[in-house]
Amino acid sequence: MTTVESIVDRSVTQKLETMLLIRTFEEKSAELKAAGHSPSMCTSVGQEASAVGVISALDERDLILTNHRSAGHLLARGADPNRVMAEIHGKATGYCGGKSGSLHISVKEIGVILTSTIVGGELSLATGVGLSLQMLEMQGIATVFFGDGAATEGIFHESVNLAAVWDLPVLYVCENNQWQAYVHRKETMRIDHISEWGARYGIRTATVDGNDVEAVAAAARDAVAYIRETGKPFLLETYTYRLRGHMEPDDQAYVDKEELSRWRSKDPITALERKLVTDGVLTATELAAMKETVRKKVEAAAQFAITSPYPTLDQLTAGVYA
Amino acid sequence: MTTVESIVDRSVTQKLETMLLIRTFEEKSAELKAAGHSPSMCTSVGQEASAVGVISALDERDLILTNHRSAGHLLARGADPNRVMAEIHGKATGYCGGKSGSLHISVKEIGVILTSTIVGGELSLATGVGLSLQMLEMQGIATVFFGDGAATEGIFHESVNLAAVWDLPVLYVCENNQWQAYVHRKETMRIDHISEWGARYGIRTATVDGNDVEAVAAAARDAVAYIRETGKPFLLETYTYRLRGHMEPDDQAYVDKEELSRWRSKDPITALERKLVTDGVLTATELAAMKETVRKKVEAAAQFAITSPYPTLDQLTAGVYA
Amino acid sequence: MTTNMITPDQAMVDGLAEEMRRDPRVITFGEGTATKHYELVEEFGRKRVRNTPLAEGIIAGTAAGAAATGLRPVVDLLFAPFLTFAMEELVNSAGKLRFISGGQFSFPMVAIARTGAGWAVGGQHNHNIESWFVHSPGIKVVMPSTAADFKGLMKSAIRDENPVMFFADIGLLHTPGEVPEGDNVVPIGKAALRREGSDVSLISYGKTVGKCLEAANLLLAEGISAEVIDLRSLKPLDEAGVLSSVLKTGRAVVVHEASGICGVGAEVAAIIAEKAFSQLKAPVVRITGPDAPPAASYPLEQAFVPQPDRIAAAARRICA
Amino acid sequence: MTTNMITPDQAMVDGLAEEMRRDPRVITFGEGTATKHYELVEEFGRKRVRNTPLAEGIIAGTAAGAAATGLRPVVDLLFAPFLTFAMEELVNSAGKLRFISGGQFSFPMVAIARTGAGWAVGGQHNHNIESWFVHSPGIKVVMPSTAADFKGLMKSAIRDENPVMFFADIGLLHTPGEVPEGDNVVPIGKAALRREGSDVSLISYGKTVGKCLEAANLLLAEGISAEVIDLRSLKPLDEAGVLSSVLKTGRAVVVHEASGICGVGAEVAAIIAEKAFSQLKAPVVRITGPDAPPAASYPLEQAFVPQPDRIAAAARRICA
Ligand SMILES: Cc1ncc(C[n+]2csc(CCOP(=O)(O)OP(=O)(O)O)c2C)c(N)n1
Ligand SMILES: Cc1ncc(C[n+]2csc(CCOP(=O)(O)OP(=O)(O)O)c2C)c(N)n1
Ligand SMILES: [Mg+2]
Ligand SMILES: [Mg+2]
């Protein structure tokens, strides 16, 4: 069994490598989709710092809930790229045996559980996970990733309010990427920060630059420490941007060019690469080697997915009931 | 057809008379229920100032949405007590032909529309009414009454947020009566005022002493003026208390005695009676006469309801479809 | 076996209390649960018996999330129409995530909802939507008609590893019935033969089981011997139980209070029409509530429910 | 009549645009409606064509509230499983408040939802829950199978005074089909005879109509003449159309992609079993999707859908 601790190295170079892995993995997925190898899926290009920063602050005992835009969360937590890619392709070797496809991948063995592609679905389940952690005295915290769009669903209100009232150990992470499929966030709310909504439930909140992995990691560590100490929920907003479209393929014709290019210039990966090389933490050669390692992993994952078998037809009804 | 203007006299004595009418009507309903004349229903005893104050600020063109605790809103708007009582009793002469019963009484002719007994149901419909008023340039505003409990339903979040984003002419009136059936409000939220939640949608809000009819009326007039001028929504919280139980009969054994007696001493009707008599606006004789008038009206309504026929069996499926 | 006279309402709570005693993972919450069942609070404490905010979606979602991570929640969602606020959590999460995740999670939880005529409070408190859940994968559905089954099915539902919808017919809740003492577990998936007969099978569940028994009495006076089957578990449906009765009698009247169209009775009739075809002596007839919301008005509410005379008339027609 | 080759996806929008031209009260909104149909924004403006927040409940509720007060909203709720967030508004408000209010309000609105195999994105985007709405009072339900019907039923749905659920089968949306030019309105409540036959009636809707037509071809080669009925309107259901076909052929196979149990096919089979009993030469058979969430995996998703060979085999069996 893969363990979390065996995977999660919290150094900044490791963070960069994980971010590169996510980026490369998702760009490859999109390429394979374009080539007709898999159904459509969503990528988190531009949001890697949020996934890696938050997850670097978690322990093995913590549980994670995610949504349709999950590859970053999965890989940051140490999921096997082969099995994630195979699942995206609907293959029997995928984490869910091909039944999920890209949109609801859970990996119980590393604590990524109950993924839902219903926007808000993850929020509805997170309080229950928090309740189990609280009542069964399991120590861990429930971390739930959701979008700015999910925050406009009524279940957001119900979930955060219940966690507040019952003092549940839930870390709400809103990845505010400015888009909700084909609708700009500004068309859906009169506020700019989901943390403003969070605060109204009487819980602690923070907003952090979601494109700065170390800032995210620090904010997440503070939040996690607070939750472990008090048992109470916390809402952390990572303010970021969805650089690719909603679902592959997406020409982003509806996206304001100026806004897009402004955020492109804040790409969390290029920024970090530049910084680490400038600061002398990483040489250009080491960086190139890192990229090559990642590229190979992703190529292997693609091969694994493509060559894996589809599930057999007896799986049509297998496992509906316990 | 009953018109609103023909009924709504906005003087303070008229307000008192309407409050007395509501109180007497509801106590009579409860009595009839106890005697086995009707199914169970909810009363708004203790909240009359909220209904009368808000509705006194509205015009004929305005539309009202209400919920399970609606007799006050209906009577304040000028509904015929006979037909409301008949509806509570499931009689053919009721406003909905007996199909509604007490919980979803609408009276289109006086603009009390789309009453829902699903907690939050009225909130989900109010935005649509606001949209019609906006797009069809009907001038009026949509006023929606809901409880503090309804505010914990997700649809509250969705409704107020949409009204804010689309600038809909909706007056949200939260009657915060401290109870949600058998659950105290404090068990359900970490805040004290629903207006705190309202404000985060970027709309104007206010909280007013819901037991002071003139204060409520003034706050409602301000809110209405703002909505008429800007076309934008407003959330007004009337802070009050449910003096009888949730649904008849209810022994209130679960209610904190001290809290109940504290609020009993703030009964909106006794306070107003005392004030008007002290201030010389009303003599004791006039007050007694007013009570007698009201009593007769209510007795007549009870008689009307009891002696009215039940709907005929062809009504079982009549009017399901247009 | 000793039995006591207990209302179904109490029988449900007794079943829940026994399971809470048996298994510390069983918890219960809902809008007013801790207020209305203060005796449970006293016995099991405020952590295991909770009031909630007024928010059916998160009540159901919390139950599902907790069920998947080690607890066994029983949630009270009050009246069936309120389930409309919890469909996402019940159907998309609790019902589907076991399959979608490739079997990684299970959802041992129970959701209670009241339904049916009895309170005369109208169509937003009374709507018999059990067939929605029967149609949805991954969920089990029960709807008892006797006090003993209210308790015994509650116990089974709590022990089941799957989400179980527990529909309680309001019209039955306050009439005491015999409940055996002790750990009496009624299996989910097994219909009950309430009365033996040879000419026609009256197949029903919930309060209309009683109406069928009354109809059977009416029919007996005319020399027609009616068998009465109480489905009580709507999913899984006891197909074998239904078929063995119909294969014997050759005639079936399917009865329920829910609207007919796409109701549970449609499924039962379709099964019979397919699998007992060659044995059928007459058309399979359904007697159900109309395709309308139930009105609050007392006589209309009662008329919504299939009554013994209508059921008997249908049986008479196909026995002629 | 001139016809054009148009995808069902476009045909729906064309129908909507024509009705918006015809009636200024028709408006449309949804999550991305204004972005995806920018041509509608250009023609009708941002007031009548709107993007919304991501909140299905209030989208449906707003539609219901607006419909009752003078507008005729068409809302796009995207995929059928997302309807679970809008059940309260659709069922309790739009469906019931006409009756409950004693007829004071009507709800002329249309809610669109996509469903069925075709995208391979799994069970939270693909769940054929049309039978829930067929079971619910006050609502009409359509689910077309041809491009022409996508347009014509959209137009009827918009003109109807009742709430109409418009289910769009994803697997059909992008294959162009013939659409007559002009104001072609397809009535709600009328099935279409897609192929005449004399030995067996294949009764279906949505993408499985095409599978039935293929099955009919397979059967023809063996000398079995199959009639194919496309229900297209699931509520009201064209009972007369169904029965007249079955009274002629004496045999019925009911086919749909939705799970069988309590599905629309159960209702159709039950109607046939009751009303065509004496004419039936064989059991009524249902061929449907399994009682499971559809898997994302492409081959499993396809296998979920009744295929021509399975349909033909069932027909062969009952024609033997
Ligand atoms: C209940 C529901 N409504 C709509 C969708 C379709 N959908 C999928 S992702 C998405 C946008 C989500 O926006 P956000 O929550 O901000 O997350 P992001 O995609 O930006 O990460 C939409 C509308 C869905 N999956 N579920
Ligand atoms: C969706 C829904 N859940 C639960 C109920 C049962 N119920 C009726 S009134 C009520 C309490 C409502 O509290 P609040 O909104 O504060 O209004 P109040 O009764 O205090 O006026 C409850 C739980 C309901 N009618 N609808
Ligand atoms: Mg977003
Ligand atoms: Mg209240």
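Basis for what follows: all heavy atoms, side chains included, without hydrogens, waters or symmetry-related copies. Lettering of chains follows the sequences in order, A, B, ..., and the numbering in each one begins at 1.
The candidate from B/Ser106, B/Gly121, B/Gly154, B/Gly130 with the greatest count of non-hydrogen atom pairs under 4.5 Å with chain D is B/Ser106. Annotation: maximal heavy-atom pairing with chain D below 4.5 Å, among B/Val107, B/Leu103, B/Leu133, occurs at B/Val107. Here B/Ile113 is the residue among B/Val165, B/Ile113, B/Asn161 with the most heavy-atom pairs under 4.5 Å with chain D. Across D/Arg48, D/Glu89, D/Glu161, D/Lys96, the residue that shares the most heavy-atom pairs under 4.5 angstrom with chain B is D/Glu89.
Below 30°, between 30° and 60°, or above 60°: for B/Phe156 and B/Trp197 the angle between ring planes is between 30° and 60°, a tilted geometry. Ring pair D/His256/D/Tyr205 is tilted by interplanar angle, where 30° to 60° counts as tilted.
Residue contact with chain B, scored on non-hydrogen atoms closer than 4.5 Å, is absent for D/Leu54. Interface remark: B/Thr115 contributes backbone atoms only to the contact with chain D (heavy atom separation under 4.5 Å). For chain D, the nearby part of B/Leu123 is the backbone; its heavy atoms alone come within less than 4.5 Å. Both the backbone and the side chain of B/Leu114 come within contact range of chain D, with heavy atoms under 4.5 Å apart. At a 4.5 Å heavy-atom cutoff, the contact between D/Leu71 and chain B is made by backbone and side-chain atoms alike. Residue B/Ala318 touches chain D through its backbone alone, counting heavy-atom pairs closer than 4.5 Å. Using a 4.5 Å cut-off between heavy atoms, D/Gln104 contacts chain B through both its backbone and its side chain. At a 4.5 Å heavy-atom cutoff, the contact between D/Ala64 and chain B is made by backbone and side-chain atoms alike. Heavy atoms of D/Phe85 lying under 4.5 Å from chain B are absent altogether. Residue B/Gln315 touches chain D through its backbone alone, counting heavy-atom pairs closer than 4.5 Å.
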- Message: The test is side-chain hydrogen bond (donor to acceptor under 3.5 Å, both in side chains); show your working for B/Arg69 and B/Ser44 and say whether it passes.
- Response: CA-CA 6 Å; B/Arg69 212 173 289 288; B/Ser44 66; over 6 Å; no

- Passes side-chain hydrogen bond (donor to acceptor under 3.5 Å, both in side chains), B/His157 versus B/Tyr201? Steps please. CA-CA 9 Å; B/His157 178 71; B/Tyr201 300 101; 2.6 Å; yes

- Where do B/Asn67 and B/Ser116 land on the side-chain hydrogen bond (donor to acceptor under 3.5 Å, both in side chains) test, with the steps shown first? CA-CA 5 Å; B/Asn67 59 15; B/Ser116 174; over 6 Å; no

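When every heavy atom of D/Leu243 is checked against every heavy atom of D/Ala276, the shortest pair comes out as CD2-CB, 4.0 Å.
More than 12 heavy atoms of other shown residues, nucleotides or ligands fall within 6.0 angstrom of atom NZ in D/Lys36. At most 12 heavy atoms of other shown residues, nucleotides or ligands fall within 6.0 angstrom of atom CD in B/Glu137.
The ring of D/Phe79 has its center no closer than 6.0 angstrom to the ring center of D/His127.
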